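Worksheet: one structure, shown below.
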Amino acid sequence: MNMPIPDFQSIMLPFLKFASDEKQHSLQECMEYLCNYFDLTEDEQKELLPSGKQTIFSNRVGWSRTHLKKAGLLEYPSRAIFKITSRGLDLLKTKPDKITIALLKQYPEFLEFIGGTNTLSIKSDNIIETVENNGQTPEEALEYSYQKIRENLASEIIDKIKSCSPTFFERLVVELLVKMGYGGSIKEAGKAVGKTGDEGIDGIIKEDRLGLDTIYIQAKRWENVVGRPEIQKFVGALAGQGAKKGIFITTSRFSEQAKSYSPKNDIKLVMIDGEELAQYMIDFDLGVSTVSEYKVKKMDSDYFENDC
């Protein structure tokens with residue numbers, strides 16, 4: 001029976017037991033052992049942090065190793081290699097049920113690592129609580145907190161757009177598409193919106209700066225769910241214009257029937273709902289401003305490779 005991906009505190013005891021043979025091991029060897037120990041599926045092993053730059057499991061295993069090292073239970077005899085210490089062996093002799101941050105606080109070196117207090121030395125109280133009580137690593141706590149901030153911001157953006165005029169919404173759509181690389185300049189793109197007079201089409205925008213192709217736009221500032229009939233009408237309008245590409249953007253959402261609809265002809269259709277619209281606005285800095293930026297860095301092992 002498969003278990004959920006264990007938190008980094010749950011990993012520390014089997015990690016230390018793996019090293020109890022007193023041999024030198026690489027992190028990759030330990031990873032393979034732990035994957036089998038926790039009976040992780042291939043999908044669980046590949047599950048990524050919200051940033052998409054590291055797997056959740058490898059991040060947690062790495063932090064388990066760091067905590068064990070800082071408590072003096074492991075040592076690093078050479079680059080990328082670890083080995084259990086006599087202190088680590090002594091701890092295993094006590095047969096602990098689990099190794100946690102609370103247990104590691106008995107070691108002075110670990111207390112120094114976390115700032116000499118009962119909490120990790122991270123400035124946010126919410127992140128401290130998440131790391132120690134919920135078992136998330138610092139990266140996880142930061143990334144999931146960031147995702148929550150984005151979700152709240154996206155909700156605020158959509159609520160604000162719904163309170164604005166349809167004309168403003170059409171202009172917003174054009175500005176976003178230009179920021180995404182379509183339509184050339186705002187001035188050129190803006191001329192097309194609202195000028196066609198064709199039923200079911202709110203505007204036309206160039207696909208690129210050279211205008212080699214055009215994209216037809218439907219922009220609906222709606223509260224109600226957009227159903228399949230609305231999509232079919234738009235596709236019909238595209239066909240009537242001889243158009244091959246269309247974007248349907250709404251502040252609400254699409255029904256399952258609408259999302260599953262696929263034109264029988266060669267028309268390419270993209271549907272963007274309110275949530276996606278807000279996320280694009282955040283990604284392309286439209287209607288938002290930066291309050292703070294944080295850079296998370298890691299050691300460059302290559303720098304120390306030759307002469308260290």
Side-chain angles (χ1 to χ4, degrees), residues 5 7 47-56 59-60 119-120 122-183 185-186 189-190 193 202-203 205 215 217-226 230 247-256 258-259 269-298:
I5 301 174
D7 62 68
E47 189 172 340
L48 298 172
L49 293 169
S51 64
K53 295 181 178 179
Q54 187 181 18
T55 65
I56 292 174
N59 177 263
R60 293 179 180 181
T119 55
L120 288 175
I122 303 175
K123 298 302 181 183
S124 168
D125 291 338
N126 290 334
I127 292 178
I128 291 170
E129 182 178 354
T130 300
V131 170
E132 185 159 359
N133 296 336
N134 295 349
Q136 288 184 335
T137 68
E139 283 98 335
E140 286 181 273
L142 284 169
E143 291 197 21
Y144 285 113
S145 295
Y146 170 71
Q147 291 300 316
K148 186 63 178 177
I149 291 171
R150 278 188 66 114
E151 289 172 9
N152 292 339
L153 176 58
S155 178
E156 290 179 12
I157 290 172
I158 291 303
D159 288 342
K160 186 63 177 178
I161 291 174
K162 288 178 178 178
S163 70
C164 297
S165 68
T167 301
F168 176 86
F169 180 52
E170 291 180 352
R171 188 170 70 249
L172 180 153
V173 166
V174 172
E175 288 187 44
L176 176 60
L177 291 174
V178 169
K179 279 181 171 287
M180 294 174 73
Y182 300 99
S185 68
I186 290 289
V193 174
D202 292 325
I205 194 168
I215 298 174
I217 305 167
Q218 176 80 286
K220 291 291 187 185
R221 188 181 59 87
W222 275 16
E223 291 283 352
N224 298 329
V225 175
V226 177
E230 291 297 326
I247 302 176
F248 196 117
I249 302 180
T250 180
T251 51
S252 62
R253 60 185 179 86
F254 297 99
S255 69
E256 291 302 317
K259 288 189 285 188
L269 178 64
V270 174
M271 289 178 275
I272 300 175
D273 63 19
E275 173 65 25
E276 291 174 302
L277 171 63
Q279 295 295 342
Y280 280 132
M281 290 178 65
I282 295 170
D283 288 338
F284 289 91
D285 291 321
L286 180 62
V288 298
S289 57
T290 300
V291 177
S292 301
E293 289 185 337
Y294 303 92
K295 291 184 178 181
V296 178
K297 301 184 179 183
K298 66 177 183 178

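Everything quoted here is computed from the prediction, not taken from an experiment. Position 1 is the first residue of the sequence; numbering continues from there.
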### Query
Which residues pass the ring-ring contact (aromatic ring centres under 6.0 Å, His included) test with Phe169, sequence neighbours left out?
none
To the nearest 0.5 Å, what is the distance between [atom1] ([X]) and [atom2] ([Y])?
X: Lys220; Y: Ile249; atom1: NZ; atom2: CD1; value: 13.0 Å
X: Ile158; Y: Arg221; atom1: CD1; atom2: CZ; value: 11.5 Å
X: Leu172; Y: Leu176; atom1: CG; atom2: CG; value: 6.5 Å
X: Ile5; Y: Glu47; atom1: CD1; atom2: CD; value: 4.0 Å
X: Ile56; Y: Asp7; atom1: CD1; atom2: CG; value: 12.0 Å

Under the rule for side-chain contact (heavy atoms from CB on, under 4.5 Å), what residues qualify as partners of [X], not counting sequence neighbours?
X: Pro50; value: Glu143, Tyr144, Gln147
X: Thr167; value: Ser165
X: Lys160; value: Ser163
X: Lys148; value: Glu151, Asn152

### Ser155: side-chain hydrogen bond (donor to acceptor under 3.5 Å, both in side chains) partners, not counting sequence neighbours
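With sequence neighbours excluded, Ser155 shows a side-chain hydrogen bond (donor to acceptor under 3.5 Å, both in side chains) to no residue whatsoever.
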### Message
Run the side-chain hydrogen bond (donor to acceptor under 3.5 Å, both in side chains) test against Thr250 and tell me which residues pass, sequence neighbours left out.
### Response
Ser252
### Under the salt bridge (Lys or Arg N to Asp or Glu O under 4.0 Å) test, residues paired with Glu256 that sit two or more places apart
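Listed in chain order: Lys259.
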#### Entry: salt bridge (Lys or Arg N to Asp or Glu O under 4.0 Å) partners for Lys162, two or more places apart
Glu223
Got a list of side-chain donor-acceptor pairs under 3.5 Å for residues 271-285, not counting sequence neighbours?
| residue | atom | partner | partner atom | Å |
| --- | --- | --- | --- | --- |
| Asp273 | OD1 | Glu275 | N | 3.3 |
| Asp273 | OD1 | Glu276 | N | 2.9 |
| Glu275 | OE2 | Gln279 | NE2 | 2.8 |
| Glu276 | OE1 | Asp273 | N | 3.1 |
| Gln279 | OE1 | Arg150 | NE | 2.9 |
| Gln279 | OE1 | Arg150 | NH2 | 2.5 |
| Asp283 | OD1 | Arg150 | NH1 | 3.0 |
| Asp283 | OD1 | Arg150 | NH2 | 2.9 |

## Note on the structure
For Ile247 and Leu177, the nearest pair of non-hydrogen atoms, with its separation, is CD1-CD2, 3.9 Å
